[in-house]
Peer 1: 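The structure's right below; bear with me while I get my questions together.
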Amino acid sequence: MVLATHPLSPSKTPTAITTISEFPHNPKTLILHQCKTTKDLNQIHAHLIKTRLLHHPAVAENLLESAAILLPDAMDYALSIFRQIDRPDSSAYNVMIRGLIHKKLNHNAILLFKNMCENSVQLDEFTFPSVLKACSRLGALREGEQIHAQIMKYFGFNSDGFVQNTLIHMYASCGELEIARNVFDEMPRRDVMTWNSILAGYAKNGRWDEVVRLFREMQELGVEFDEVTLISVSTACGRVADLELGEWIDEYVDANGLKGNLALITSLIDMYGKCGQVDTARRLFDQMDRRDVVAWSALISGYSQVNRCREALDLFKKMQEANVEPNEVTMVSVLYSCAALGALETGKWVRFYIKKKKMKLTVILGTALIDFYAKCGSIEGSIEVFDKMPSRNVFSWTALIQGLASNGQGKKALEYFKLMQEKNIDPNDVTFIGILSACSHAGLVDEGRKLFISMSNDYGIEPRIEHYGCMVDILGRAGLIQEAYEFIKNMPIQPNAVVWRTLLASCKAHKNVRIGEESLKNVIRLEPAHSGDCILLSNLYASVGRHDDALRVRNQMKEKGTNKTAPGCSLIELDGEIYEFFAEDNRHPHSKEVYNATEDMMRKIKSAGYVPNVTDARLDAEEEDKEASVSHHSEKLAIAFGLIRTSPGTTIRVSKNLRVCTDCHNATKLISKVFKREIVLRDRNRFHHFKQGSCSCNDYW
DNA sequence: TCACGTCGAC
């Protein structure tokens, strides 16, 4: 019999004439290796029918394997062949189940297994690992348990190693770590796969510490490991910041010539990134001979996690130049970077790209978008995304609630909190940070008190230091300084510097000198003093007319050489380009243009009644330079640059690394009025939406 | 036939 001359390669050029005179010894080679397209498959199938060879189970099985597993798009074809088989045996079923799993049709794989049982087909040791894999992927514990029962029926306790390994993985994937561990402990012989299965199980459940611990145990016992082991372990090293073990793996990989393993190198890149060594990660990345989307994403994420977001975005550009298609995961890190930078235009472009590429709006991607819009001061964007998401979880709700709170829409944040409860989504500790900060922004003192109590009473969530901090802010902001002070004194956990600093800020706003003094003492006791804290007290003295004390604090700071707070830095994005300004920085490429624009801007608002407030000037500035010093604060430079580089009426968006100072706040209010611009200024803590001479924060921040 | 790398709210 001749298989005629027909195209056996994708080039459609006849490449081989294959002669089959009898039942082939090697149907696998014949069918699998020569069948490269669906068309090949068709022709071979036809021949097998004609020659009745299809009735040989081994032949049918191999044809099915071609269709179901090797060819990318022939699952339906495989199913039609399978349905034509009179009484498919276990091999045929096994191939089909594997094929479905291969195509990520896990649910169908389990259904086919059910069908196999109903038709009383003999199960074998090849059936179980496959179908258990489907259960693992779906987290289908009940089905997994039933299959476990079947296994007991078929094999008793002495089932095959493959089967046991997949049982471990199934239980672990379904969150049943103890059962997984029991199976592991009771296995008489464990191979590398066994260890890898349990390691992967711990990893999947976030038990990274256990992954590292178990690997050390493996080494003590002298158990062999392989590249897959190292992937799990190096990933775990990143999560628990075990740089030492991570570096050991890196050296091992180098010494054993494993640099070609893409997944392994990617896990090392991830590990270095998470340990804060992104430059080392970069070196590994640069040495790779092939980089896929995961490798790129891992490095982009590394940069964003150490707050080098501009470099993260640069890398994203390079990724596109390298023609590597980003996926949902890449976009999450990119959006995170845009959010951190306040790069609204770039992020909007990312969203457009997501739509264009028809990427799935997964819960994580949606949440990243909500957070991005909120952090760019565009809360309408957050709500729009939230409404469009096909499914949401506690992260998505919390991101929205937090976004509403920081954008000054406290009441709306509480409405969403109510809605969330109606939808039976349980809030967690972070959600409560969001709603408590909403209460403080909206001045809802009683509501805040109630929620704080309800948190532990109704939800069983123990308040953390952040929750106490929120309560101090709620009380202090409302002028209840004494109550806030007593609240701190009665806290069951030690207050930290942040809590006392919050009270100090309230004392300044409400002119409470006595508690203000004590608050600063406590801040200094808990943390090396920062100039910003001392300036708060100095300004508090000045505000009640105690100028001598104000001066004394400033002089003390000079004498002691108090640590300066990080230099002020503001970012503005124009046409997708991010410009960065530092206070009194002359080295900027647009320096002259910027300083001229700033002076012009200041002149214009002065004639509208602006009076410089130099209390926040640099301490080392000479008296006559103080005005110049505050007028060159980074946010003023960025706003001035925005004014000359955008068309009239455009909203100006600036984000700053520190809290905005009194003088800049006053000036910006006037700028919004004089230049008829909306200005959205994001500072370290919250948003200021300036419009027609006033600010959304009502001058308290 | 089983195990493996990138991502979200303080």
Side-chain angles (χ1 to χ4, degrees), chain A residues 69 90-91 94-95 97-98 101 124-133 136 160-170 172-173 191-201 203-204 225-235 238 261-271 273-274 291-302 304-305 326-336 339 362-372 374-375 382 392-403 405-406 427-434 436-437 464-467 469-470:
Chain A
I69 299 170
S90 62
S91 300
N94 290 344
V95 170
I97 290 173
R98 270 201 301 136
I101 291 170
D124 63 22
E125 71 271 30
F126 297 101
T127 316
F128 295 111
S130 310
V131 70
L132 282 171
K133 185 175 180 174
S136 300
D160 155 291
F162 277 91
V163 174
Q164 305 245 22
N165 291 343
T166 25
L167 271 175
I168 292 174
H169 191 239
M170 183 277 293
S173 296
D191 58 14
V192 191
M193 290 282 198
T194 315
W195 287 89
N196 288 347
S197 298
I198 192 85
L199 286 173
K204 201 163 247 167
F225 57 84
D226 67 4
E227 299 172 44
V228 177
T229 322
L230 294 180
I231 292 170
S232 291
V233 178
S234 61
T235 307
N261 185 327
L262 188 57
L264 182 51
I265 300 303
T266 305
S267 74
L268 284 172
I269 288 173
D270 174 61
M271 180 277 296
K274 294 217 164 43
R291 306 175 188 95
D292 65 359
V293 56
V294 184
W296 281 94
S297 305
L299 189 60
I300 290 173
S301 153
S304 72
Q305 282 170 43
N327 60 17
E328 290 92 347
V329 180
T330 324
M331 293 327 224
V332 171
S333 292
V334 171
L335 281 168
Y336 178 91
T362 59
V363 182
I364 296 182
L365 184 55
T367 304
L369 273 167
I370 292 172
D371 189 52
F372 151 73
K375 290 216 167 81
S382 302
R392 316 172 183 97
N393 64 10
V394 62
F395 281 79
S396 339
W397 283 89
T398 305
L400 183 65
I401 288 170
Q402 177 65 43
S406 66
N428 63 20
D429 51 341
V430 184
T431 317
F432 273 96
I433 294 174
L436 288 174
S437 83
R464 297 202 316 243
I465 193 80
E466 290 88 346
H467 299 100
C470 286

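The analysis underlying the following values was restricted to heavy atoms, covering all of them including side chains, and did not include hydrogens, waters or symmetry mates. In what follows, chains are A, B, ... by sequence order, proteins preceding strands, each numbered from 1. This is a predicted model, so every value here is computed, not measured.
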Peer 1: Just checking, any donor-acceptor pair under 3.5 angstrom between side chains of A:S396 and A:N393?
Peer 2: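 A:S396 vs A:N393: donor-acceptor pair found between side chains.
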Peer 1: Using a cut-off of 4.0 Å between protein heavy atoms and nucleotide atoms, how would you tag nucleotides 2-7 of chain B 5' to 3' with B, S and -?
Peer 2: BBBBBB
Peer 1: Looking only at atom types and distance, does a side-chain atom of A:H467 sit under 3.5 Å from a main-chain N or O of A:L436, one as donor and one as acceptor?
Peer 2: no
Peer 1: Could you measure the distance from the OG atom of A:S232 to the NZ atom of A:K204? Nearest 0.5 Å is fine.
Peer 2: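 Answer rounded to 0.5 Å: 10.0 Å.
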Peer 1: Are A:S267 and A:D270 linked by a side-chain donor-acceptor pair shorter than 3.5 Å?
Peer 2: no
Peer 1: Ring centres within less than 5.5 Å and planes less than 30° apart: is that true of A:F395 and B:dA9 in this structure?
Peer 2: no
Peer 1: Indicate, with a heavy-atom threshold strictly under 4.0 Å, whether A:F432 touches base, sugar-phosphate, or nothing.
Peer 2: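 Counting heavy atoms under 4.0 Å across all strands, no contact is made by A:F432.
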Peer 1: Rounded to the nearest Å, what distance is computed from the CD1 atom of residue A:I370 to the P atom of nucleotide B:dA9?
Peer 2: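 Atom-to-atom, A:I370 to B:dA9, this comes out as 11 Å.
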Peer 1: Would you find a donor on one side and an acceptor on the other, under 3.5 Å apart, between the side chain of A:D371 and the backbone of A:A374?
Peer 2: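 A pair under 3.5 Å: no.
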Peer 1: Within this structure, what is the CG-to-P distance between A:N428 and B:dG8, rounded to whole angstrom?
Peer 2: 15 Å
Peer 1: Measuring from atom CH2 of A:W296 to atom CD1 of A:I269, what distance do you get when rounded to the nearest 0.5 angstrom?
Peer 2: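 One finds 10.5 Å between CH2 of A:W296 and CD1 of A:I269.
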Peer 1: A:Q164 near the nucleic acid: base, sugar-phosphate alone, or nothing, with a heavy-atom cut-off under 4.0 Å?
Peer 2: nothing
